[in-house]
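What you see below is based on every heavy atom in this structure, not just the backbone, and it leaves out hydrogens, waters and symmetry mates. Below, read A as the first sequence line, B as the second, and so on, with proteins coming before strands; counting in each chain starts at 1.
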Amino acid sequence: MSSKVRVRFAPSPTGGLHLGGVRTVLYNYLFAKHHGGEFVLRIEDTDQTRYVEGAEQYIYDCLSWCGLEPDESPLKGGPHAPYRQSERKASYYQYAKQLVDAGHAYYAFDTPEELEAMRANLKTEANPTPQYDAKVRMQMRNSEALGMAEAQKLIDTGTPYVVRIKMPQNEQVVFTDMIRGEVHFDTNLVDDKVLLKADGMPTYHLAVVVDDYLMGITHAFRGEEWLPSAPVHILLWKNLGWGDKMPEWAHLPLILKPDGHGKLSKRDGERLGFPVFAMNWKDPKTGELTQGFRERGFLPEAFINILAMLGWNAGTEQEIFSMDELIEKFSISRVHKGGAKFDYEKAKWYNHQYIQRKTDAELVQLAKPYITANGVDADDTYLEKVVGLIKERCTLLPDFWEQGHFFFKTPEITELAAIKDKWNEQKKTFFESWIAVLDAVTDWTHEALEASFNEVMAANGLKKGDVLLPLRIMLVGGKYGPGVFQIAEMIGKEELSNRLNNTTALL
RNA sequence: GCCGCGUUGGUCAAUCGGCUAAGACGCCUCCCUUUCACGGAGGAAUGACGGGUUCGACUCCCGUACGUGGUACCA
């Protein structure tokens, strides 16, 4: 590892950014920063049929929210621009040609219908998905079967063609994965993947190799789903003559559904009630909106911490890591091999932890949007007190409203039943008496209010157990929230007596 | 089907041949609090299976099972 570390995240801008994608970015980023290297963002938009309006900007926004800023990107530019593969289109053909000339690839003219026919004809129970490989190569319409002269004629007459890799026979492709160690593939079982499409765009297979080479990528991290195509990429690196420049590979474990089986998908989140995307994503075609972690009320630091621990750990008992600590402690050798099921409960625990670690002033800024969204315009001093009183009850940002609304608006009494059965004249008299002496409370503090309350309570022959819950229901509406006298202090005398009067009237 | 990869409590996981197998989330009990939460103290719960190797295997090897990924002119 003599040269400077350079890694890349290369998403395809086709929709919402999945938490697994963010984790891939994160591990890339942590590895690069740990080694003082660079992190580049490259947009893999080689499939023009899958172009989605706004998806690229969305990726920038997600990375920015997460604090994972690329050193080079289509937006930021850099020494290897352009960083969008669609804009690099012209550069791929020459490498495909180079491979054909060297006998490592060939032209193929098979139409989609012909490919379909081949697969249908060869399909058997023992072989449900026939591949385009050495076994059928000579029966298809390509420069191997037809000869180069014939192929050239077809090309000259404008016949659409693709370039396919010519998988060698009876070879073993072996490489060392940073996470999994040595991985072996038998070339007889790998198919002749398309490298260059009929529209002149490269497929992922060609593009990733060419661009990683051109951009000087030293370490390539990607999801485990790419492992089966690794032999194609490795052969490409060798056959293009770049074998000594090939990056080290690391195939990251998958993030799986919490229940059942398989990769975690957007649908699982909808089904189980948690976000899967980093931020809200609205599909411009269907108009469908999918909620993200950010809009659900997660803090980016928490989100990052959650993802970091999903497949990696420091080997210590530490659970909470800042980005700087992650950068310092991250090492690929401590990344797990096996997939991890996503646990939303633990994710919420992390967010709660991060909320508790914020100062009240910081929390005011974070909570404010959720307060104002409910038509409340409170000043920061008041908000800061509220936030301090309720924060330990808040797991997600919207909880600041759920847990604190009664500090701003007269609550609806939803749990009147909890006091109605035991309500009596004695209690009624007590509350009326307390309201009457409120004016005498000159020192408007929760201590003074409590003292006054206790005094009147004793005078009426009542105990705390008799009247504390009723008081809470009157002030809050339900059986939750911080100390009742704290609330009474905050809302002030007028509002306090109003709430007491209003509720007793209902009993 | 074939190929790759994986497999420690319900979940995330430590362990890199000596284990009475950490810790966290969640769950349960109790304490604190006459609310909810926080906090505190406890508790239940784990090495897929079968063979080896070894004085000794959760750790190494081989099978089997199971899971998962791939098998597109998508990434």
Test side chain to side chain donor-acceptor pair (under 3.5 Å) on A:N188 and A:N170 and set out the steps. CA-CA 6 Å; A:N188 293 348; A:N170 308 315; 2.8 Å; yes
Expressed as a whole number of Å, how far does the [atom1] atom of [N] sit from that of [M]?
N      : M      : atom1 : result
B:rU8  : B:rG40 : P     : 29 Å
B:rA44 : B:rU29 : P     : 15 Å
B:rU59 : B:rC38 : P     : 39 Å
B:rG10 : B:rG4  : C1'   : 29 Å
B:rG9  : B:rC19 : C1'   : 16 Å

Compute the centroid of each ring, for A:Y370 and then for A:H405, and state whether the two points are separated by less than 6.0 Å.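 No.
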Name the nucleic acid region contacted by [X], choosing base, sugar-phosphate or nothing; use a 4.0 angstrom heavy-atom cut-off, strictly under.
X      : value
A:A198 : base
A:K391 : nothing
A:T49  : nothing
A:V190 : nothing

Do you see a donor-acceptor pair shorter than 3.5 Å between the side chains of A:N142 and A:Y107?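 No donor-acceptor contact under 3.5 Å links the two side chains.
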Assess the side chains of A:Q353 and A:E319: does a donor N or O sit below 3.5 Å from an acceptor N or O?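 Short answer, no.
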On the 0 to 90° scale, with breaks at 30° and 60°, tag the [X]-[Y] ring pair as parallel, tilted or perpendicular.
X      : Y      : result
A:Y344 : A:F342 : tilted
A:Y204 : A:W226 : parallel
A:W434 : A:F430 : parallel
A:W312 : A:F330 : tilted

Report yes if a side-chain nitrogen or oxygen of A:K263 is closer than 4.0 Å to either non-bridging phosphate oxygen (OP1 or OP2) of B:rG70; otherwise report no.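 Looking at the OP1 and OP2 atoms of B:rG70, one of them is under 4.0 Å from a side-chain N or O of A:K263.
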Specify the separation, in whole Å, of atom [atom1] of [X] and atom [atom2] of [N].
X      : N      : atom1 : atom2 : value
A:H251 : B:rG69 : NE2   : P     : 16 Å
A:D466 : B:rU35 : CG    : P     : 14 Å
A:N127 : B:rC2  : CG    : P     : 10 Å
A:L264 : B:rC12 : CG    : P     : 12 Å
A:H233 : B:rG4  : NE2   : P     : 17 Å
A:I390 : B:rU35 : CD1   : P     : 19 Å
A:L256 : B:rA13 : CG    : P     : 10 Å
A:E182 : B:rC60 : CD    : C1'   : 16 Å

Nearest-nucleotide 5' precedence on RNA chain B, A:F342 against A:S229: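 Looking at the nearest nucleotide for each, A:F342 comes out on the 5' side.
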Upstream residue (5' side of RNA chain B) when A:Q85 and A:H336 are each assigned their closest nucleotide: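 Taking each residue's closest nucleotide, the earlier one in sequence belongs to A:H336.
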May I ask you to verify whether the side chain of A:R393 and the base of B:rC36 hold a donor-acceptor pair under 3.5 Å?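 Side chain to base: pair present.
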Only Watson-Crick and G-U wobble pairs with both distances less than 3.5 Å should count. Give RNA chain B in dot-bracket notation, marking inter-strand partners with |. (((((((..(((.....[....))).(((((.......)))))....(((((..]....))))))))))))....
Check ion pair A:E402-A:R393 (N to O, under 4.0 angstrom):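 Judged by the 4.0 Å cut-off on N to carboxylate O distance, A:E402 and A:R393 do not form a salt bridge.
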Set out, line by line, the N/O atom pairs under 3.5 Å between protein and nucleotides 19-28 of chain B.
| from | atom 1 | to | atom 2 | distance (Å) |
| --- | --- | --- | --- | --- |
| B:rG23 | O4' | A:E317 | OE2 | 3.4 |
| B:rA24 | O4' | A:E319 | OE2 | 2.8 |
| B:rA24 | O2' | A:K346 | NZ | 3.2 |
| B:rA24 | N3 | A:K346 | NZ | 3.0 |
| B:rC25 | OP1 | A:W349 | NE1 | 3.4 |
| B:rC25 | O2' | A:K346 | N | 3.3 |

Residue that, paired with A:D192, satisfies side chain to side chain donor-acceptor pair (under 3.5 Å) out of A:K166, A:R137, A:Q131, A:R164: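 So the option named by the test is A:R137.
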